Protein chains: 2
Amino acid sequence: MTEAPTGSSPTLRDVATEAGVSAATASRALNGSTRNVSPEKLALVLQAAAKLGYAPNLSAQATARGSTKTIALIIHDLADPYFSSIAAGAIEGAEAAGLTVTMAVTDRSPDRELEIVSTLRGHRPHAIILGGSRIGDDHAALARELQAYEAAGGRVAVVSQPALPYGTVTIDNHHGAEELATALVAHGYRRFAVLRGPDALRTSRDRADGFLAGLARAGLDAPDRIETEFTEDGGHAAMTRLLDRGLDGLELVFAVNDVMAIGAMRALRDAGLVPGRDLAIAGFDDISAATDVTPALTTVGVPMHAMGLRAIELALAGNDPGEVVRLPTTVVLRDSTPRHRIDSQM
Amino acid sequence: MTEAPTGSSPTLRDVATEAGVSAATASRALNGSTRNVSPEKLALVLQAAAKLGYAPNLSAQATARGSTKTIALIIHDLADPYFSSIAAGAIEGAEAAGLTVTMAVTDRSPDRELEIVSTLRGHRPHAIILGGSRIGDDHAALARELQAYEAAGGRVAVVSQPALPYGTVTIDNHHGAEELATALVAHGYRRFAVLRGPDALRTSRDRADGFLAGLARAGLDAPDRIETEFTEDGGHAAMTRLLDRGLDGLELVFAVNDVMAIGAMRALRDAGLVPGRDLAIAGFDDISAATDVTPALTTVGVPMHAMGLRAIELALAGNDPGEVVRLPTTVVLRDSTPRHRIDSQM
DNA sequence: CTGAAAGCGCTAACAG
DNA sequence: CTGTTAGCGCTTTCAG
């Protein structure tokens, strides 16, 4: 691959000579304590810089200073609204702090994630943000890499992974799902099924368990649980399976995330049924698509943008190493779970 | 047995001494022409690096080499599926080439974009990718900044902005919309309205114009044009306005992008109407939400992911400076525009 | 093949 | 306030 020579960018020295001052003065005028340089020279330097179209070499700055103005953000999938919202929040927070965001995507592969952390470490970023829950439970290698980074003075913050010993911003998946269950029971529903993701996925587990807990608290039996992929197609497939088997009095299906729920709705329509009327559906996350679908999807709102933002703050503040910030979720009842008729109460 | 001092990462020299070789050899073993170092020393160095958890300081590497292994990606809005898909494609391409992506978002502000280009230039990235169409037509300052970057050996590629003198990957918005119009006319539609974005937005203009051209070719009159925001709320507002004013025989509304179309569908439902039945709707982009809504949205498919990918390739190849890659769009007819009854053909 | 030495562009003590 | 002098961590001639 062609190595484009960056040779001809004007350097600090160019600016300095152009302005008739020393490199040190130029540096001070452009960055350092602006206070200590005379107004005239300051103007001269600024003018020279503008004339030459000077842009400081950030790499050189970084090596000289020993620290960078960047934040490394690792997420699993940019095309997923869940992650891109977190990323948007993180970027906003970073920019507010005058930091640039470097970003890499893992495609949900733990191996790739490990590799990325290792590479990113080379950038000596101010902080590394892990933006999403991990697939597996095997953190050993990742933890070691992170450990090394932190030992060298780096900061780490994690979104939605209460498993690592770093500042973490998360939500209470269990509680959110429990509240949803309670609200749905109050709406008159009694016969549920749960569409859940792979068991290894902590998030999925917590949400499914929370939902069951909510039902249990209302004195209801544990519902059917169908395991499937954590994706829209997964939701579609699971619902199709459910339909094949016969609904048999089922009133509401809770999918552990919105995309699954949306897939389930699609399966219903494919079978000639109307979501919300023939079978109620609820999801989790409140991605923007939740209000685009018809009927609008009942779900649990997750403050994704805020999570990204808070993760940055957590990393930058750097007080309590293991601090956990738990952001509140909100049950959002929409048309996919209309108030249920009383006579179905048993 | 040298222990890395707490608070800083092990350096190349640390690895070198640990392995009992010179820094130069360590450098060669870890990066340079692996050929020129003896197998034993190679092994020694690798082992030492692993033991110390060494991660090369990329900034230092960059200053020494004068070039970086990064690509700077500038995007308008990460939460918008259109841009995040482009970004995902770009990231994929960059990673395939062993490059890291640095990313900044402009929030659709030209000033911010300019500022960002200026800052990014300081990173001396291998290439800068502008990932989306610009709001205004005033490129002067941006062009100058980019010019300076390129003069210093940087590469630039642009997505969807045929206005700048750089490698550009784009789609034929005009043609795509024209084809859509033709297809819809063939479906029996005759009375249209167009929801368009701000006039300054080139993309919006081209799509609206293309649609009109398609109708004109079929011998139909120019339809109503409503200008609004380029967002879902904009689509909602415009459609609401349209409803207030009375549909008056209107059969189909074409919104210049999918999010606007989805907003319009929402407005319809808010008014108690059924999209697709009472009024047909079509959009442009084919974002994933287009298949989530009910009825599924007729639209023009844009290969966003591929655009991001090609932009990287274009930048990296660096042959023709002003090369324009035009990716094909595809009309996708879905349920939001059912075949129209013949008797409405007037 | 390998080490010594000279930078890369910038910052940060130190004297003046 | 400002110039001089050292580096930052790494790469890369240039001799051996």
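The model shown is predicted, which means the values in this text are computed figures rather than measured ones. Labels below follow one simple rule: chain letters A, B, ... track the order of the sequence lines, proteins then strands, and each chain is numbered from 1.
The side chain of Y54(B) contributes an N or O atom lying less than 4.0 Å from OP1 or OP2 of dC10(D). OP1 or OP2 of dG3(D) sits under 4.0 Å from a side-chain N or O of S22(A). Look at Q61(A) and you won't find any side-chain N or O under 4.0 angstrom from OP1 or OP2 of dG9(C). Here S27(B) does not reach the OP1 or OP2 of dC10(D): none of its side-chain N or O atoms lies under 4.0 Å away. A sub-4.0 Å separation between OP1 or OP2 of dT11(D) and a side-chain N or O of T63(B) is absent. Taking side-chain N and O atoms only, N36(B) has no distance below 4.0 Å to OP1 or OP2 of dT2(C). Checking the phosphate oxygens (OP1, OP2) of dT2(D), no side-chain nitrogen or oxygen of T25(A) falls inside 4.0 Å.
Side chains of T25(A) and S22(A): a donor on one and an acceptor on the other come within 3.5 Å. The closest side-chain donor-acceptor pair between H76(B) and T106(B) falls under 3.5 angstrom.
Of the listed nucleotides (dT2(C), dT11(D), dG9(C)), dT2(C) has the atom at the smallest distance from the side chain of V37(B). Side-chain proximity of A24(A) to dC10(D), dG3(D), dC10(C): nearest is dG3(D). The A60(A) side chain lies nearest to dC10(C) when the options are dG3(C), dT11(C), dC10(C). The side chain of T11(A) lies closest to dC10(C) when the candidates are dG3(D), dG9(D), dC10(C).
In this structure, the CG atom of L12(A) is 13 Å from the C1' atom of dC8(C), given to the nearest Å. N57(A) places its CG atom 6 Å from the P atom of dC10(C), with the value rounded to the nearest Å. Remark: P of dC8(C) and CZ of R65(A) are 20 Å apart, rounded to the nearest angstrom. Atom CG of L44(A) and atom P of dC1(D) are 16 Å apart (whole Å). One interatomic measurement links the two molecules: CG of L52(A) to C1' of dG9(C), which rounds to 15 Å at whole-angstrom precision. Atom CZ in R124(B) sits about 7 Å away from atom P in dC10(C), given to the nearest Å. Atom NE2 of H123(B) and atom P of dG9(C) are 17 Å apart (whole Å). Atoms CG (L30(A)) and P (dG9(C)) sit 16 Å apart, rounded to a whole Å.
Residue order along DNA chain C, read from the 5' end via each residue's closest nucleotide, puts S38(B) first among R13(A) and S38(B).
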- prompt: When you look at D107(A) and R112(A), which way does the salt bridge (Lys or Arg N to Asp or Glu O under 4.0 Å) test go after all the steps?
  reply: CA-CA 8 Å; D107(A) 262 325; R112(A) 187 94 189 81; over 6 Å; no
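We find that E150(A) and R155(A) are not joined by a salt bridge, their nearest charged nitrogen and carboxylate oxygen being 4.0 Å or further apart. With salt bridges taken as basic N to acidic carboxylate O contacts below 4.0 Å, none links D14(B) and K51(B).
More than 12 non-hydrogen atoms from other residues, nucleotides or ligands lie less than 6.0 angstrom from CD of E115(A).
Side-chain to base pairing of S59(A) with dG9(C): no donor and acceptor N or O lie closer than 3.5 Å to each other. On a pure distance criterion of 3.5 Å, a polar donor-acceptor pair joins the side chain of R28(B) and the base of dG3(C).
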